[in-house]
Amino acid sequence: MSPIPALTEDEIDALEPTFLGPTWLKGAVGSWKLPERTLGVLGERRRVVTVDVDPYVVHRTQRLCAEAGSGRVTAVLGDGRLGAPCHVPAHGFDGIVITHNASDIAPAWREQLAEGARLVVPLEMGGYTRSLTLVRRGDVLHCEHWTYCGFVRDRGAAARMAPAVLLADGKVTVRWEDGTPGDTAGLDEALRSPRHERSTGLVVRGIFNFETLQVYAATTLPGFCRLSAPKGSTFVEQQDAAAILADGSLAYLTYRKVRDAPKPADRMTEFFIHAYGPAAEEVAERFAECVRVWDRAVRESGYPPMTVHPAATPDDQLPPGDVLDKQCARLVFQWPGRTPAGALSLSAAGGQRA
């Protein structure tokens, strides 16, 4: 979880290649200092338009920015999902920064962005948030940088609650941050049956970075969902876990310590899959194989090339890759090992190490 000031500074820095443009849009004011800080980074003769849904925040920003004296910040009351349609320059904004978790890419952000300019947005994918730097090329946004982060959620019209189902008398919650909710029939009974355990074979040392595994599983595994349970649950050993639901069965990713040590760097941890239901063995193996492929093909290469397309884009006009559909956009991930090498989109400029 990144502190808001630190992340917003990173987001502003991510726009640096397009600093020549004079007009910028910032979604969600948050603090009056952020628009002024943006101006400090952008330099003289630049202008910032900032939008927030909270009247108090907007009025306070207007007053304090006026006292700061730059005269180059315009604070607008409105839903950031709509951008700032009354303030868009003829060529579009030269950069857009969204400072709240977004569950989708609002069409207005792309439409109001100048060609070749950058949109920086903390986007939720399967419930995991990454701040993405997206470059506009026509109607397609190309991801050129990923940052692990956490942020406050949207409070405007796009605010949403993920569909969820309570199981085991409310002791386990299954939720679907993206996609269609699965069929949970029979899972209450399955959770009370013997648990199947499957090792992934992945043993790691010390403090281990598996942030790309979270997004990889969320975008490649059919039936992906998230589990949550209170601490000490006898059903799910983690309070939040990546999971898949299929064939009346449930499998989730967990880990166990295989060697303890005084120094964290000397500790050893093994990734395991726990599963319940009539097809527990099959769904556990499916998840375990996902972890193995990630370890072989993705772990050392980092995040993949990724593009964002309008929601109406037909399948045959999308590049090869794994597709994550949202209401307003279609995201295409070109993961190593899943996309033919010759089809990888170099223009997507992804793939930096985690």
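Once rounded to the nearest 0.5 Å, the distance linking CG of L227 with CZ of F235 reads 12.0 Å. Atoms CG and OG, on N101 and S131 in that order, are 9.5 Å from each other to the nearest 0.5 Å. Taken to the nearest 0.5 Å, the NE2 atom of H91 stands 12.0 Å off from the CD atom of E115.
In this structure, the side chains of F93 and V49 come closer than 4.5 Å at one or more pairs of heavy atoms. Side-chain atoms of R175 and D240, non-hydrogen and from C-beta on, do get closer than 4.5 Å to each other. Side-chain contact between V204 and F271: present, with at least one pair of heavy atoms (C-beta onward) separated by less than 4.5 Å. Side-chain contact between P336 and Y216: absent, with no pair of heavy atoms (C-beta onward) separated by less than 4.5 Å. Annotation: side chain of T212 is not in contact with side chain of V215 (no heavy-atom distance under 4.5 Å). Using a 4.5 Å heavy-atom cutoff, the side chains of L250 and V283 are not in contact. For the pair V97/T99, a side-chain contact is recorded, criterion being any heavy-atom separation below 4.5 Å from C-beta on. Contact of the L132 side chain with the Y303 side chain is not registered, since no non-hydrogen atoms from C-beta on lie closer than 4.5 Å.
Salt bridge status for R286 with E282: absent, with no side-chain N to carboxylate O gap under 4.0 Å. For the pair E289 and R198, the salt-bridge criterion is not met [side-chain N within less than 4.0 Å of a carboxylate O]. Of the charged side-chain nitrogens involved, none lies within less than 4.0 Å of a carboxylate oxygen, so that R226 and E177 do not count as a salt-bridged pair.
Listed for the R110 side chain is no donor-acceptor partner under 3.5 Å among the backbone atoms of V140. In terms of modelled atom types and a separation under 3.5 Å, the side chain of R136 and the main chain of L113 share a donor-acceptor contact. A donor-acceptor distance shorter than 3.5 angstrom exists from the side chain of D104 to the backbone of C328, with no hydrogens or angles considered. Judged by distance alone, the side chain of Q334 and the main-chain N or O of T339 form no donor-acceptor pair under 3.5 Å. Of the possible donor and acceptor atoms, none in the side chain of D247 sits under 3.5 Å from a partner among the backbone N and O of S249. Listed for the Q112 side chain is a donor-acceptor partner under 3.5 Å among the backbone atoms of L82. With S301 contributing its side chain and V298 its backbone, the two residues share a donor-acceptor pair below 3.5 Å. In this structure, Y252 contributes its side chain and E237 its backbone to a donor-acceptor pair below 3.5 Å. A donor-acceptor pair under 3.5 Å is formed between the side chain of K326 and the backbone N or O of S103.
Relative orientation of the F208 and W294 rings is perpendicular, given thresholds of 30° and 60° on the angle between their planes.
In plain terms, the two heavy atoms of A164 and T173 that are nearest each other are CB-CG2, 3.9 Å. The heavy-atom pair separating T269 from V258 by the smallest distance is N-CG2, 4.0 Å.
Side-chain contact annotation: Q317 with R330, donor-acceptor N/O pair under 3.5 Å absent. For the residue pair W335/T219, the side-chain donor-acceptor check at 3.5 Å is satisfied.
W109 and V332 fall into different hydrophobic clusters, where Ile, Leu, Val, Met, Phe, Trp and Tyr side chains are chained together by heavy-atom contacts under 4.5 Å. Grouping the Ile, Leu, Val, Met, Phe, Trp and Tyr side chains by contacts below 4.5 angstrom, directly or via other members, places L221 with L202. Hydrophobic clustering, with ILVMFWY side chains joined whenever heavy atoms are under 4.5 angstrom apart, groups V88 together with I105. In the hydrophobic cluster analysis, where Ile, Leu, Val, Met, Phe, Trp and Tyr join through side-chain heavy atoms closer than 4.5 angstrom, V165 is grouped apart from I244. Both L324 and F287 belong to a single network of hydrophobic side chains, linked directly or stepwise wherever heavy atoms of I, L, V, M, F, W or Y lie under 4.5 Å apart.
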Checklist entry - Between H274 and Q238, does a side-chain contact (heavy atoms from CB on, under 4.5 Å) hold up when you go through it step by step? => result CA-CA 11 Å; H274 288 174; Q238 292 171 250; over 6 Å; no

Next on the checklist: Before you tell me yes or no, could you show the steps for M306 and R130 under side-chain contact (heavy atoms from CB on, under 4.5 Å), namely the whole-Å CA-CA distance, both residues' side-chain angles and the distance that decides it to 0.1 Å?
Outcome noted: CA-CA 13 Å; M306 190 268 279; R130 303 293 183 267; over 6 Å; no

Next on the checklist: For a side-chain contact (heavy atoms from CB on, under 4.5 Å) check, start with the C-alpha distance between V308 and L123, then their side-chain angles and the critical distance, and finish with the verdict.
Outcome noted: CA-CA 12 Å; V308 181; L123 183 67; 5.7 Å; no

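The side chain to side chain contact (heavy atoms under 4.5 Å, CB included) with Y276 is formed by just one residue from the set E189, H196, R195, R192; it is R195.
For E111, the CD atom is densely surrounded, since the number of other residues' heavy atoms within 6.0 Å is greater than 12.
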